[in-house]
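To keep things clear, I will list the structure first and then write my remarks on it.
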Amino acid sequence: MARFDPLIHQPARLRIMAALSALGPEREVEFGLLQRALGFTPGNLGSHLRKLEEAGYVEVRKTFVQRRPRTYIRLTERGAQAFREHVLALQELLQTLPPLTSSLDAEDAA
Amino acid sequence: MATRLDPREARDALALVEEAAWQMRRAFAQSVLWIYPVLWGTIWVLGFTMEVLAPQTAPLVWTGLNVVGILVSFALGWYYRHQHLPVGALGPQIGAFWLAWLVYTVVLLNLVHPTDEATIGRFIGLQAMLGYVIMGIWLRTKAFIWMGLVTSAALLASAWLPAPWDSLVMGWLGGGILIAAGFYVRMAWTSE
């Protein structure tokens, strides 16, 4: 069964992961473009990216372009895999009518 | 803490995923779309200015400019397609929309059949701006909607102006708005 990921399921992080996933493998996006695309504030996007980076789902690269600081973000292989699993888990859930308990419940129960 | 999910919540989450992916593809599409209003705005400025400076050669100049504009537009589309931008199906959809709009405008032009040069120019301009308004609504890009509406207003207002002011307003105001809107979109949607 596909794995539900509570870290990804938070709506803002789910949108970030979906946006990065739409870029395809190995493609990175500039912070400002991602922020404008999703309509986040810089602070909000930054805080969610930090959580995703800590989980190893995204890679953040800081550099200078024409002496101006730039930040580029890309999905890691681990992040892509986790996102695929999460979407699959959601799709599986759609096919079942009664409310289901996520993997968090399983962890709680254990 | 237990996380209970029901199918409705899963459906909402999947809708968020679809929407965010579309927003990302749209951002990359916007980052190259700006060039088209700049191109056609420049053509308008040149064409309508030539109507004032050399009215006798204006039809020939317009034909040449339109052919160049269409060829450059197709070449840019081909170039961007080979850049492998992550726009998914959105890129071909935008290309197909403008191709269909071009065919529709030519068919409508032949059906309505305006006689004088100024009306033909205004008619084509209004059709192009209507196309931008539709695309702006589709891509939820206010800059394209405003550009289409304001330029249409300028084109319609120019009909009440005496020559050569009508051509100058269509060229410099209409074309100028296209160029300005193109650069505005470029500033808003390119990262470099």
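In this text the structure is predicted, and so the values were computed from the model without any measurement. Every chain is numbered from 1, with letters handed out A, B, ... down the list of sequences. Values below: every heavy atom of this structure, side chains too, minus hydrogens, waters and symmetry copies.
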Which atom of [X] lies closest to which atom of [Y], heavy atoms considered:
X: B:A10; Y: A:L90; result: CB-O, 3.6 Å
X: B:A27; Y: A:A37; result: CB-CB, 3.6 Å
X: A:L93; Y: B:P7; result: O-CG, 3.8 Å

Inspect the surroundings of CZ in A:F40 and state if more than 12 heavy atoms from other residues, nucleotides or ligands are less than 6.0 Å away.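 Check passes, neighbour count above 12.
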Can you confirm whether B:W172 is buried at CH2, in the sense that more than 12 heavy atoms of other residues, nucleotides or ligands lie under 6.0 Å from that atom?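 Atom CH2 in B:W172 is not crowded, with 12 or fewer foreign heavy atoms closer than 6.0 Å.
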Please check: side-chain N/O of B:R25 versus main-chain N/O of A:A22, any donor-acceptor pairing under 3.5 Å?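 Checking the backbone N and O of A:A22 against the side chain of B:R25, no donor-acceptor pair under 3.5 Å is found.
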For the hydrophobic clusters of this structure (ILVMFWY residues joined by side-chain heavy atoms under 4.5 Å, transitively), does one cluster hold both [X] and [Y]?
X: B:L111; Y: B:V103; value: yes
X: B:W138; Y: B:L33; value: yes
X: B:I145; Y: B:W34; value: no

B:M24 side, atom CE; A:L38 side, atom CG - distance, nearest 0.5 Å: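 One gets 6.5 Å once the value is rounded to the nearest 0.5 Å.
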Any side-chain hydrogen bond (donor to acceptor under 3.5 Å, both in side chains) involving residues 11-23 of chain A? Give me the pairs, sequence neighbours left out, ordered by first then second residue.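 Residue pairs passing side-chain hydrogen bond (donor to acceptor under 3.5 Å, both in side chains), neighbours aside: A:R13-A:H48, A:R15-B:Q23.
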Is it the side chain or the backbone of B:R11 that comes within 4.5 Å of chain A heavy atoms, both, or neither?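 Both backbone and side chain.
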Let me know if A:F83 has heavy atoms under 4.5 Å from chain B in its side chain, its backbone, both or neither.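 For A:F83, side-chain heavy atoms alone lie under 4.5 Å from chain B.
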Would you sort out whether A:H9 and B:L16 count as a side-chain contact (heavy atoms from CB on, under 4.5 Å), showing the intermediate values? CA-CA 10 Å; A:H9 193 64; B:L16 266 188; over 6 Å; no
